[in-house]
Asker: 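Input: one structure, supplied below.
These values consider heavy atoms only, across backbone and side chains, with no hydrogens, waters or symmetry-generated copies. We count residues from 1, following the sequence as given.
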Amino acid sequence: MKRGSEVRQSVAVSVLLMVLLFALPLAVIVPFRTELFGQEKGADETEEAPFVPGDRDGTVALKVLDGETVREMTLGEYLVGVVRAEMPASFPQEALKAQAVAARTYTLYKVNTGGSHGDTADICTDSTCCQAYISEERARANWGDDADTYERKIEEAVTGTDGQVMLYGGQPILAVFHSSSAGQTREAGSVWQSDLPYLQPVDSPEDGEAIPNYYSRAEFTAEEFREKFLAACPEADLSGNMSGWLKNAVTDSAGSVETVEVGGVTVKGSRLRSILGLRSACFQWEVQGEKLVFYVTGFGHGVGMSQYGARSMAEAGADYREILTHYYTGVTVEAWSADDSFTNLPET
């Protein structure tokens, strides 16, 4: 009996030691798990909710060509990505709203007129073809600590103008825009083949000292200029002294070059801008030593809304409707619903 009692006591002691062996580390770790392993996610913490488009923008489905991939999304989701990419999120809210309406109008115009991609897509993310677009993830990486604030501003600019578009003759307009002008915008016919009644020159408040690279300079050796221009216009005669290569420039009221004679060939200023990679067609030139030097003002084609001009107007107290009706002559800003022209509605 005594030996059996000793065995039972020995087993009990062993069990107790085993319990203490496993329980003691937990007793030490649990109270300090936050310090050891980092902050736990509490039940009251929230993550950024996914963007929800407005009632009008949410009823339009788009096929968006993003590189080689066609993505389906609502008009509202697409517009948020466009505004992220096309205008600095630090701009005043009314300027961002004006950009949202311009982007929405441009998108509807492209869809209504057949766009550039046939049955493949309604629009694309290539700024040289349609409009620039950037995902929230990439935008947040660029914005850093301001990401939450900037994303909220962009989303509110889109939802706060839900369905608002610019109309001329009852139809969405070709709502082109650019970064900054030289104090006055340009008429469409000076840049492209056709003129449009709502894309006419208007004064634009540009604070050149506050606009990055508002004044720029580009220089070319004789060989560099000859190589670039002859690739586009092989009939030009660029022999002799380069001081005589460019002449007889015709400028508009904003100082942008409408046409210029280069090596005996008359070209639009916008085309020479493209050939040389200049920031705008508002340029002057001179020969300095062995180089042809261009002095350029502004950035972009100069037609439609100036984004930095919109910023200045918003800072002066203008709302988005005032900004838009200033830059686009004779337009109205109205609500536009899917029933008015769209047949590509999302499935329910």
Side-chain angles (χ1 to χ4, degrees), residues 127-129 174 176-209 211-309 327-329:
S127 63
T128 63
C129 177
L174 177 59
V176 293
F177 47 87
H178 60 283
S179 179
S180 59
S181 71
Q184 187 180 79
T185 63
R186 308 186 67 194
E187 64 180 8
S190 295
V191 179
W192 301 301
Q193 293 184 348
S194 300
D195 204 10
L196 291 168
Y198 50 81
L199 294 177
Q200 298 299 311
V202 299
D203 291 337
S204 184
E206 311 282 345
D207 183 3
E209 299 303 319
I211 300 174
N213 300 310
Y214 186 67
Y215 302 105
S216 58
R217 168 186 171 124
E219 55 184 48
F220 307 89
T221 65
E223 185 57 34
E224 288 170 341
F225 185 89
R226 187 182 291 112
E227 180 181 355
K228 288 178 178 291
F229 193 78
L230 291 180
C233 302
E235 68 274 25
D237 179 9
L238 296 180
S239 60
N241 194 303
M242 64 180 171
S243 62
W245 288 358
L246 284 79
K247 56 186 178 181
N248 300 329
V250 177
T251 59
D252 60 20
S253 55
S256 294
V257 176
E258 292 190 337
T259 60
V260 60
E261 188 177 320
V262 184
V265 178
T266 299
V267 296
K268 281 192 170 186
S270 56
R271 188 180 184 198
L272 184 58
R273 175 213 171 195
S274 178
I275 291 171
L276 298 180
L278 305 179
R279 287 175 61 83
S280 84
C282 183
F283 58 79
Q284 297 177 328
W285 69 88
E286 67 177 6
V287 174
Q288 291 185 3
E290 300 298 319
K291 293 184 177 181
L292 191 57
V293 181
F294 290 81
Y295 302 95
V296 187
T297 302
F299 184 30
H301 49 61
V303 182
M305 183 180 72
S306 162
Q307 294 170 315
Y308 276 93
Y327 280 108
Y328 301 96
T329 305

Asker: Nearest 0.5 Å, what's the CG-OH distance between Leu196 and Tyr328?
Answerer: 12.0 Å
Asker: Out of curiosity, Trp245 CH2 to Leu292 CG, how far, rounded to the nearest 0.5 Å?
Answerer: 7.5 Å
Asker: Shortest non-hydrogen contact from Glu206 to Ser180?
Answerer: OE1-CB, 3.6 Å
Asker: To the nearest 0.5 Å, how far apart are CG in Leu246 and CG in Leu238?
Answerer: 8.5 Å
Asker: Once side-chain hydrogen bond (donor to acceptor under 3.5 Å, both in side chains) is applied, do any residues pair with Asp207, and if so which ones, sequence neighbours excluded?
Answerer: none
Asker: Not counting sequence neighbours, list each pair that qualifies as a salt bridge (charged side-chain N to carboxylate O under 4.0 Å, His left out) and has a residue in residues 187-205.
Answerer: none
Asker: Can a side-chain donor-acceptor contact be found between Glu223 and Thr221 if the only test is distance below 3.5 angstrom?
Answerer: no
Asker: If you look at every heavy atom in Ala218 and Leu278, which pair is closest and at what distance?
Answerer: CB-CD2, 3.7 Å
Asker: Please assess Phe283 against Leu276 for the test side-chain contact (heavy atoms from CB on, under 4.5 Å), listing each intermediate value before the final yes or no.
Answerer: CA-CA 12 Å; Phe283 58 79; Leu276 298 180; over 6 Å; no
Asker: Apply side-chain contact (heavy atoms from CB on, under 4.5 Å) to the pair Arg273 and His301, showing each step before the final yes or no.
Answerer: CA-CA 9 Å; Arg273 175 213 171 195; His301 49 61; 4.2 Å; yes
Asker: Does atom CD of Glu235 have more than 12 heavy-atom neighbours, drawn from other residues, nucleotides or ligands, at distances under 6.0 Å?
Answerer: yes
Asker: With heavy-atom distances below 4.5 Å as the criterion, would you say the side chains of Cys233 and Val262 are in contact?
Answerer: no
Asker: Measure the OG1-NZ distance between Thr266 and Lys247 for me, rounded to the nearest 0.5 Å.
Answerer: 10.0 Å
Asker: Counting neighbours of NZ on Lys268 that are heavy atoms of other residues, nucleotides or ligands and sit closer than 6.0 Å, is the number greater than 12?
Answerer: yes
Asker: Would you kindly say whether Ser204 and Tyr308 are connected by a side-chain donor-acceptor distance under 3.5 Å?
Answerer: no
Asker: Do Ile211 and Phe299 come within less than 4.5 Å of each other through their side chains, counting heavy atoms only?
Answerer: no
Asker: Return yes when atom CD of Glu224 has more than 12 non-hydrogen atoms of other residues, nucleotides or ligands closer than 6.0 Å, and no otherwise.
Answerer: yes
Asker: Can you check whether Gly300's main-chain N or O pairs, donor with acceptor, with Ser179's side chain at less than 3.5 Å?
Answerer: no
Asker: Give the intermediate values and the outcome of side-chain contact (heavy atoms from CB on, under 4.5 Å) for residues Thr185 and Tyr327.
Answerer: CA-CA 8 Å; Thr185 63; Tyr327 280 108; 3.8 Å; yes
Asker: CD/Gln307 to OG/Ser181 distance, rounded to the nearest 0.5 angstrom?
Answerer: 11.5 Å
Asker: Have Glu286 and Gln288 got a donor and an acceptor in their side chains that come within less than 3.5 Å?
Answerer: yes
Asker: Atom CZ of Arg279 and atom OH of Tyr214: how far apart are they, to the nearest 0.5 Å?
Answerer: 11.0 Å
Asker: Kindly indicate, with the supporting measurements, whether the criterion side-chain contact (heavy atoms from CB on, under 4.5 Å) is fulfilled by Phe225 and Phe294.
Answerer: CA-CA 11 Å; Phe225 185 89; Phe294 290 81; 4.0 Å; yes
Asker: With the side chain counted from C-beta on, respond yes when His178 and Ser306 share a heavy-atom pair under 4.5 Å apart, and no when they do not.
Answerer: yes
Asker: Under a 4.5 Å cut-off applied to non-hydrogen side-chain atoms, are Tyr215 and Glu209 in contact?
Answerer: yes
Asker: Please tabulate, one pair per line, all N/O donor-acceptor pairs under 3.5 Å involving side-chain atoms of residues 249-258, not counting sequence neighbours.
Answerer:
unit_1	atom_1	unit_2	atom_2	d
Asp252	OD1	Ala254	N	3.0
Asp252	OD1	Gly255	N	3.1
Asp252	OD1	Ser256	N	2.9
Asp252	OD2	Arg186	NE	3.0
Ser253	OG	Gln184	OE1	2.1
Glu258	OE2	Ser190	OG	3.4

